[in-house]
Structures are given as C-alpha cells and as structure tokens.
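Presented below is the structure to which this report refers.
Because only heavy atoms are used, hydrogens play no part in the values below, and waters and symmetry mates are left out as well, while side chains stay in. Letters go in sequence order (proteins before strands), and every chain restarts at 1. As the structure is a prediction and not an experimental result, all values here were calculated from the model.
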Amino acid sequence: MTILAQLIQSLADSLSALGLPRRDIKLSPPNNPDFGDFATNVALTLAKDAGTPPIQIANDIKDNLDIPTSFIEEVTVTPPGFLNFKIAPAYYYQILSQILTDKYFGRGSSGKGKKANVEFVSANPTGPLTVGHGRNAVLGDTVSNILEWNGYEVTREYYFNDAGRQMRILGESVEARYFEILKKDSAFPEDGYQGSYIKDIAQTILKEKGESLRTSDPIFKEQAEKTIFADIKKSLINLGIHFDQFTNEKTFYENGDIDRFLEELNAKNLIYEKEGATWFRATALGKDQDRVYIKSSGEPTYRVPDTAYHRDKINRGFDLIIDVFGSDHTDAYPDVLLALEALGEKTDNIRVLIYQFVTLLRSGEKVKMSTRKANFVTMDDLVDEVGADVVRYFFIMRGMNTHLNFDLDLAADQSEKNPVFYLQYAHARICNIIKHGKAVGISTNSEYNPTLLDNPAEIRLLKKLEQFPSVVENILQTLEPQAIATYLHDTANFFHKFYAECRVITDDTDLTNARIALVSATRIILANGLGLLGISSPEKM
RNA sequence: GCCCCGGUAGCUCAGCUGGAUAGAGCAACGGACUUCUAAUCCGUAGGCCACAGGUUCGAAUCCUGUCCGGGGUACCA
C-alpha cells in the first residue's frame, strides 16, 4: 500500500468517525511547496452540505485523523480549508533504495497476463511515409511501450489494403509512367500518383521485365506495392518501430468474414438497397444518417472491411484494443463501433486515439501535403536531417489533440537546442560523473547514508523521482504519453539545477556515496522514461 | 447547417478528471566555465488563459453562446 493510499484510507476513516459522508478523496501535490507535499480539499467539498465552515471541518478531520505512518511528519489546515500533509524525508530516502534495487521501478502490474492490440500507421502502400504518418507511428509505438511497461503483452499491428481504389490508381500510375518512358501513348490517370518514386518503379519494371508488357499487366501494381511497402518498413525501422503483424483487408473478403458480417446485419434488417447501392441503416441505431456500405460500382466502402477487421480483433481475444487514427477518421470509427454493437460485440475495451493533423511550415508558409500530388515531406528526409530521437520527441512532447505546427526550418536548425538534448544531456552528464567517480575509486555499489542528502536541490530531485510511478500509471488511463515528456523535462531540469549547486565527487566520501546514489537513481529514471519514448540514452554527448 | 479538435507570453506548446501566486522551451536582455561536460545554471522582461455569460466557497480547467483556425459531414480512406 502506498503512502498515498494509506493516507486516503485514514482520511476516509476520519470522515466516517465524524459522521460525514464519504467522498472521493483526492490528494495532490500543491503548487506551492510551502503547503506541504500533498493536500486535499475534502473539507471544502463537504462544507456546503454539512452547513459548517470548511476550515472547521478541516480541523475536525485533522483532530480525528489516525496518522497511518511515521512518514507523515506534519498535518496542517490552511484557509479556506485545505488539509496539508508534509512527508518526512525518510520516505523519499527509502524510495531511493527502491529505485536502485529495482531497475524497473515504476513498472506497473495492471496489465499482467493481459493482451493488447495496438493498430497504428496502417497507411496504404501508395507512397512513402510522410511527416503526418510520423505522428501516428510515434504515438502508437509509445503507447505500446507504455502498455508493455505495465505488463501487457502487446501486438503491434499494421492494417492495410491492397485491393481498393487507391491501389488500383497506383498501379495505373506506374503503368502510365512505364509507357511514357517507352514513348508510347498512355493517359496518366486523373487522380494518379505524381511522385517521382512512381517513375523509379516504372524504370525498375522496365529493367527487369523488358519493354513488352501490355496494358493492365498486374505487375505494375504488384511491383509498386512491393517496392513501396519495403520502403515503408525501412522508414519505420529508422524510427525504431517494428510491427508484429501486418493484416491485409483482403483476408476478410477471402475468408468470408465480410459476407457473413453483411448477412448478419441483413438478418437484423440493418441493410437495404437504394439507388443501386447497399446502405447500412445507422439511423435505426440512433445516428443522423445512413451510410453506404457497397457502392453502386459494386465496391464496398472502407467501413465494411474495417468493421470485419475489428470483429476479427475482438475475436482474437485481446483485453484491450487500441486504434490510432488521424482526425479524418473522427466520423468514421463510430460507425464501425455501431455496427459491431448491433451484432452483439462488446466494444468497451476498444480505445480510439485520434490525433490532430500536423501542419508543416516551411519558410513560414504552410505546406499542403498530398501523397497523390507528391507534395510531401517524407519521414526519411526528416529522420535523415534531425535524427530519430529528435523526431520521436518532437511528436510525443505535444498532446495528440493539439494541431501541431511543425516548422521544418526550425526542426532542421534546432539540432543544437532541441529540447530532447536537454534530457539526453542530463543522462550523459550523470554517466560522466559515475565514470569520473570510478576513476577515483568511487563505486556505485557503496553503502550510502541517504540522510546526508539534505540540500533543497537534492530533496526536490528525490521528490521528482518518487513521482515516476504515478506519472506512468496515470498515462495508462489517459493514454496521453506527452506527460512522460513533461515529466522527464522536469526531472532533467531538477538534475541540472542540482548539478549546478552540488558537486558529487568530493573528498567527503560519505557525501559522495550518497550523491552517487542519487544521481544513479536519476539516471535509471531518465533512461527508463526515455526508453518508453523510444529515445536513446547516450552515455556521452 | 450539423459533428469532432484547438484558441494560454512575440513564436511553439505544457497545465484542463475544478483548487491556493498560470508554467516550459525558443526568441530578447544581463550575469556564471582554473571544477564531475556551459548541449548547463542564475537573473530580468514578457499574460484580461479568444470573447461574453453561467455553475460555486473557488474556473485556464466544467456548462451555454459568439468569433477565429483545422478536420469531418463523399457511392474517398
């Protein structure tokens, strides 16, 4: 039981002893450290119903409080009615040894024995991964890391479609370039993919298959898909991302899932024909409008295989299913869930993460991105220019709900001042201290007396380290990994301040050992946190 | 029209499950390297948290409305 849980329990006991209704008791660190380490507002929330001034209630609670542990040093009441708790340094000292003996400090067990599926990227192989996909990729991979850290067995999955309209046009685009090279007449498709990579693929086909290919040869699409997918996988590896499974939507046509799914909906009278198309009767389930399932051309819309795919994921028995989508899917996924529910599937373990689009700025101007028009900045370009660590940090340090402005000039320029270096530098600095210590005969395994760490900068850093488990645990609920970036920045900041104020390796052996313990623990937290973000922890910079 | 996101320092953004004095980085200005790494630290300056109402002991945070920006509302995905 954590110290917080103990405190909440004894507060609850105090409330019932006073005959006050039990409330959700929240303890949080106040902004102003003068008020202590934790504060609660229970008295304020109870005051109105009790008809008693909050400050009086707070005092009553305090007087009835059976302090659960010696770690609580002081309880105070401050206007307008907060109860504040000061935690003894001994508590934080003991955290230090926890970190040093358990290098997985902060690892939760709530996902133990559970399986999770995270579907992300899922870009069709029509072109290279762009910066827009990068946000998706980094978000999905980081969330996966956090789940794993909490004990989940995670399947990272990439879902794609090589049978639809996009891919057909891709094949036609390659074909047109092929004949163009041969100086034969060929109309470039109206919505064709204009990128130079299409010409490269056509060149490759020409080299390998000769000049005699005919119109509509399947090789055009096949070669394009193969080449582009290989590039995509390489780009992902450049970002440190690997997938456990690639699932093709074609599977669900071939194995009959889609037919079955449509039949079942039909049996429930949720499908009908109109104007040559097949419609899903979403209005019968409370939506504003019905949706087309099968176009009059005979092609299903994306909702159909998507729904079958999600049903497949449900059937595979995951405890948690996460989808990472761009904001253009905001309106689409509710239809998928709706259809699943109509078929009696449970969808409450599906979490959909919607991230807002990245706006690219170059020379202060917006770059309008379009894969089709080949007006894009690829992930590879970006990674080449600034490195994977910077790219990952840049994408994860902002909340997924924010419309991220990505200034390309700044990103390229920023290599010296990029915020990620601030974190890595703290780690490298610690490594260097430890290295220096070793050179003068200081071991990281020495006995140490933590009570020597009484400098405010030391205490502040310790308290920050103590927060790591709760930060990670909270992200498991919110699935908003930017909190790790914020936390690590604070931690690095407190370390740098400590560094400026306290010298670690000195003639004072006892103090040196204590400080070595502190910086070693800080290093572990930084490395673990950076690891969760998929960012390296360099030993020197 | 309707739906989803956002609007916080000059710029990019944290903070948003209501708390006490609203933060960081960059940009600006002024300091600190004979020391374990100055990719750092210290200091100054910078704000009607878009606007208007509401809820309450208390609002950047919750509700309503307005304005601005992005996305969706396609027989595109």
Side-chain angles (χ1 to χ4, degrees), chain A residues 24 26 28 30-32 34-35 39-41 44-45 47-48 53-54 78-82 84 122-124 126 161 164-166 191 274-279 288-289 291-303 306 325-332 334 354-357 359 361 364 372 394 397-407 410 413-426 428-437 439-440 442 474 477-478 482-483 485-486 489-490 492-493 495-506 512 515-516 519 540-541:
Chain A
D24 265 352
K26 275 182 294 185
S28 53
N31 292 333
N32 185 341
D34 292 347
F35 292 125
T40 181
N41 62 349
L44 289 156
T45 64
K48 188 164 193 187
T78 48
F82 289 102
N84 307 307
S122 293
N124 282 338
T126 57
N161 156 26
R165 179 175 168 277
Q166 283 184 12
D191 294 325
K274 192 178 89 181
E275 295 163 0
T278 304
W279 295 71
D288 298 343
Q289 50 187 306
R291 304 289 188 178
V292 170
Y293 258 16
I294 299 175
K295 305 180 224 171
S296 48
S297 67
E299 280 180 295
T301 60
Y302 66 94
R303 289 172 224 270
D306 267 19
F325 292 148
S327 64
D328 52 342
H329 281 69
T330 316
D331 256 25
I354 300 284
Y355 62 93
Q356 300 301 315
F357 280 144
T359 305
L361 300 172
R372 204 171 48 67
F394 206 102
M397 69 190 291
R398 306 304 186 203
M400 66 181 103
N401 282 334
T402 166
H403 301 277
L404 182 61
N405 277 323
F406 198 127
D407 188 322
L410 208 70
D413 249 27
Q414 228 177 12
S415 57
E416 289 279 314
K417 325 171 173 168
N418 195 288
V420 70
F421 294 133
Y422 186 78
L423 313 186
Q424 293 181 315
Y425 184 54
R429 256 185 161 173
I430 293 171
C431 290
N432 202 59
I433 292 170
I434 292 170
K435 189 173 141 207
H436 179 253
V440 297
I442 307 292
N474 194 248
Q477 303 306 316
T478 62
Q482 77 274 11
T486 308
H489 184 271
D490 290 348
N493 179 237
F495 166 74
H496 286 308
K497 287 180 201 291
F498 155 81
Y499 180 92
E501 191 156 338
C502 304
R503 196 182 159 79
V504 177
I505 312 288
T506 63
T512 297
R515 285 182 173 166
I516 280 283
V519 298
K540 59 178 177 184
M541 291 175 72

| field | Complementary nucleotide of B:C75, counting Watson-Crick and G-U pairs under 3.5 Å | value | none
| task | Select one nucleotide: of B:G19, B:C75, B:C36, the one nearest the side-chain heavy atoms of A:H436. | result | B:C36
| request: Report which part of the nucleic acid A:C431 touches: base, sugar-phosphate, or nothing (heavy-atom distance under 4.0 Å, all strands). | output: nothing
| On RNA chain B, nearest-nucleotide positions of A:N124 versus A:F357: which is more 5'? | A:F357
| query | How many Å lie between OH on A:Y499 and C1' on B:A38, as a whole number? | reply | 9 Å
Close N/O contacts between protein and nucleotides 15-17 of chain B (under 3.5 Å):
residue, atom, partner, partner atom, Å
B:G15, OP1, A:Q482, NE2, 3.2

| For B:C33, is chi within 90° of 0 (syn) or not (anti)? | syn
| said: Looking at B:A28, which nucleotide sits across from it as a Watson-Crick or G-U wobble partner, both distances under 3.5 angstrom, or is there none? | reply: B:U44
| If pairing requires Watson-Crick or G-U wobble contacts with both distances under 3.5 Å, which nucleotide is the partner of B:G23? | B:C13
| note | Closest of B:U12, B:A77, B:U40 to the A:N405 side chain is B:U12
| request: Please check the phosphate of B:A77 (OP1 and OP2 only) for any side-chain N or O of A:K295 closer than 4.0 Å. | output: yes
| Test side-chain contact (heavy atoms from CB on, under 4.5 Å) applied to A:Y499 and A:I430, step by step | CA-CA 9 Å; A:Y499 180 92; A:I430 293 171; over 6 Å; no
| said: Does the structure show a Watson-Crick or G-U wobble partner for B:U64, both distances under 3.5 Å? Name it, or say none. | reply: B:A52
| Minimum-distance nucleotide (side-chain atoms of A:L44 versus B:A14, B:G19, B:G25) | B:G19
| task | Indicate, with a heavy-atom threshold strictly under 4.0 Å, whether A:A428 touches base, sugar-phosphate, or nothing. | result | base
| query | Which is true for A:T278 with a 4.0 Å heavy-atom rule: it touches a base, it touches only sugar-phosphate, or it touches nothing? | reply | nothing
| Residue A:K435 excluded, over 12 heavy atoms near NZ under 6.0 Å | no
I'd like a table of atom pairs between the protein and nucleotides 43-48 of chain B - only N or O on both sides, under 3.5 Å - with the distance next to each one.
none

| query | Roughly how many Å is it from CZ in A:R429 to C1' in B:C33, rounded to a whole number? | reply | 11 Å
| Under 4.0 angstrom between A:Y422 side-chain N/O and B:C41 OP1 or OP2 | yes
Hey, what are the protein-to-nucleotides 4-11 of chain B N/O distances that come in under 3.5 Å?
residue, atom, partner, partner atom, Å
B:C5, O2', A:N401, O, 2.5
B:C5, O2, A:H403, NE2, 2.6

| query | Base, sugar-phosphate alone, or nothing: which one does A:N32 contact when heavy atoms must sit under 4.0 Å apart? | reply | base
